[in-house]
Amino acid sequence: MAEEYERVGLVKPEVFIYQLPPRVSNRAVRAADWNLANPDWRGRMRIIAKGEKCFIKLEDRISGELFATCPVDAFPGLAVESVSDSSRYFLLRLEDTSGKHAFVGLGFEDRGDAFDFNVALQDHFKWVKQSKQLAAEEASPAPHKDYSLKAGQKISVNLGKTALGSSEEPENKPKSAPLIGLTASGGLLPPPSSGTTRPVIQPQAFPTTSGTPSQQQQQKPQESPFGDDNWSDFTSFKADSGSSSNSKSSSGSGKWVQF
């Protein structure tokens, strides 16, 4: 078996130790009964783990000399107990090398230090529990399962309706919509042939006039006196001028012949 080494779980530079007064009843321990203003000892506290064993060591802050040791076999348990009226004080069961033990009070200046003390002890015994479970699993391993094929056994694999390597697509596969203007290979489609019929756009029909013939004549626009010929005004003017000149010539002299 490999040599076990010590692990330091927690170090607090200053803790307080109180001497407990005689217990007069079986009620829970209260820190208010201690002389909290005048602790009996001050020093450093360390939580040491060696294998599955755990120890709380009280040492001098300067010289490091050991003051007392509290072996912890379980938490919570008889070695470490909480008081009923505070979360910063605990009851420790000290034990010397001869096996004699004594109970003292342990106190922390801050609640955070007391919280760290609780967590360090819980983590150690949680690790001990997990180690035992792993050791039990290694001692009795699970039976090996044989997944190999026996003689005459076959495996059938269902790959759907299409065979492997077939170009046919399954019916339930959604078909993607074809791209307009693109071929399957990604090229452009040729322009449509001349024979391709295109939709004929019908001209918009104007609304017809309704009503009686007299109303339709009233609604009919007036025609131009010159008609559709844009040169009619000049021709009429030429004719008028020609008739007036002829009348003058005929009245002035009868010798003129009109051509």
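Heavy atoms only: backbone and side chains are in, while hydrogens, waters and symmetry mates are out.
- The two atoms that bring Ala120 and Gly9 nearest to each other are CB-O, 4.3 Å, heavy atoms only.
- Using a distance-only test at 3.5 Å, with no hydrogens or angles considered, a donor-acceptor pair links the side chain of Asp40 to the main chain of Gln19.
- Contact annotation: the side chain of Gln122 never approaches that of His124 to less than 4.5 Å [non-hydrogen atoms, C-beta and beyond].
- Inter-residue side-chain proximity for Val15 and Arg44 is flagged as unmet; no heavy-atom pair is nearer than 4.5 Å.
- The hydrophobic clustering, which links ILVMFWY residues whose side-chain heavy atoms are closer than 4.5 Å, places Val83 and Phe103 together.
- Contact of the Tyr89 side chain with the Leu36 side chain is registered, since non-hydrogen atoms from C-beta on lie closer than 4.5 Å.
- Residues Val29 and Trp34 are in side-chain contact: their nearest non-hydrogen atoms beyond the backbone lie under 4.5 Å apart.
- In this structure, Trp41 has its ring center closer than 6.0 angstrom to the ring center of Phe67.
- Contact detail for Lys150 and Asp146: the closest heavy-atom pair is NZ-OD2, 3.7 Å.
- For the residue pair Gly105 and Leu20, the shortest heavy atom distance occurs at N-CD2, 3.8 Å.
- Using a 4.5 Å cut-off on side-chain heavy atoms (C-beta onward), Leu94 and Thr69 make no contact.
- Atom NZ in Lys129 sits 10.5 Å away from atom NZ in Lys132 (nearest 0.5 Å).
- In Leu78, the CG atom is not crowded: 12 or fewer heavy atoms of neighbouring residues, nucleotides or ligands sit closer than 6.0 Å.
- Across every non-hydrogen atom of Glu95 and Pro71, the tightest pair is OE1-CG, 3.7 Å.
- Residue pairs meeting the side-chain hydrogen bond (donor to acceptor under 3.5 Å, both in side chains) criterion with at least one partner in residues 108-117, sequence neighbours excluded, are Lys12-Asp113, Lys12-Asp116, Ser87-Arg111.
- Considering only residues two or more places apart in sequence or on other chains, Phe115 meets the ring pair (Phe, Tyr, Trp, His ring centres under 6.0 Å) condition with none of them.
- The shortest heavy-atom contact between Cys70 and Arg93 is SG-O, 3.3 Å.
- By the rule that hydrophobic residues join a cluster once side-chain heavy atoms approach within less than 4.5 Å of another member, Leu91 and Leu106 end up as members of separate clusters.
- In this structure, Ile47 and Cys54 have side chains that are in contact, with non-hydrogen atoms separated by less than 4.5 Å.
- A heavy-atom distance below 4.5 Å is found between the side chains of Arg42 and Glu14.
- Here Phe117 pairs with Phe90, Phe108 under the ring pair (Phe, Tyr, Trp, His ring centres under 6.0 Å) rule; sequence neighbours left out.
- For Glu65, the CD atom counts as loosely surrounded, since its 6.0 Å shell holds 12 or fewer non-hydrogen atoms of other residues, nucleotides or ligands.
- Criterion: ILVMFWY side-chain heavy atoms under 4.5 Å apart, direct or through other members. Under it, Leu10 and Leu92 are part of a common hydrophobic cluster.
- The environment of NZ in Lys154 is sparse: at most 12 heavy-atom neighbours from other residues, nucleotides or ligands sit within 6.0 Å.
- Formation of a donor-acceptor pair under 3.5 Å by the Glu137 side chain with backbone atoms of Leu134 is not found in this model.
- Among pairs with a residue in residues 72-88, none fulfils salt bridge (Lys or Arg N to Asp or Glu O under 4.0 Å), at least two apart in sequence or across chains.
- Sequence neighbours left out, not one pair with a member in residues 118-128 passes salt bridge (Lys or Arg N to Asp or Glu O under 4.0 Å).
- Here the CZ atom belonging to Arg46 is positioned 6.0 Å from the NZ atom belonging to Lys57, to the nearest 0.5 angstrom.
- Residues Glu59 and Met45 fail the side-chain proximity criterion, which asks for heavy atoms closer than 4.5 Å.
- For Trp127, the ring pair (Phe, Tyr, Trp, His ring centres under 6.0 Å) criterion is met by no residue, not counting sequence neighbours.
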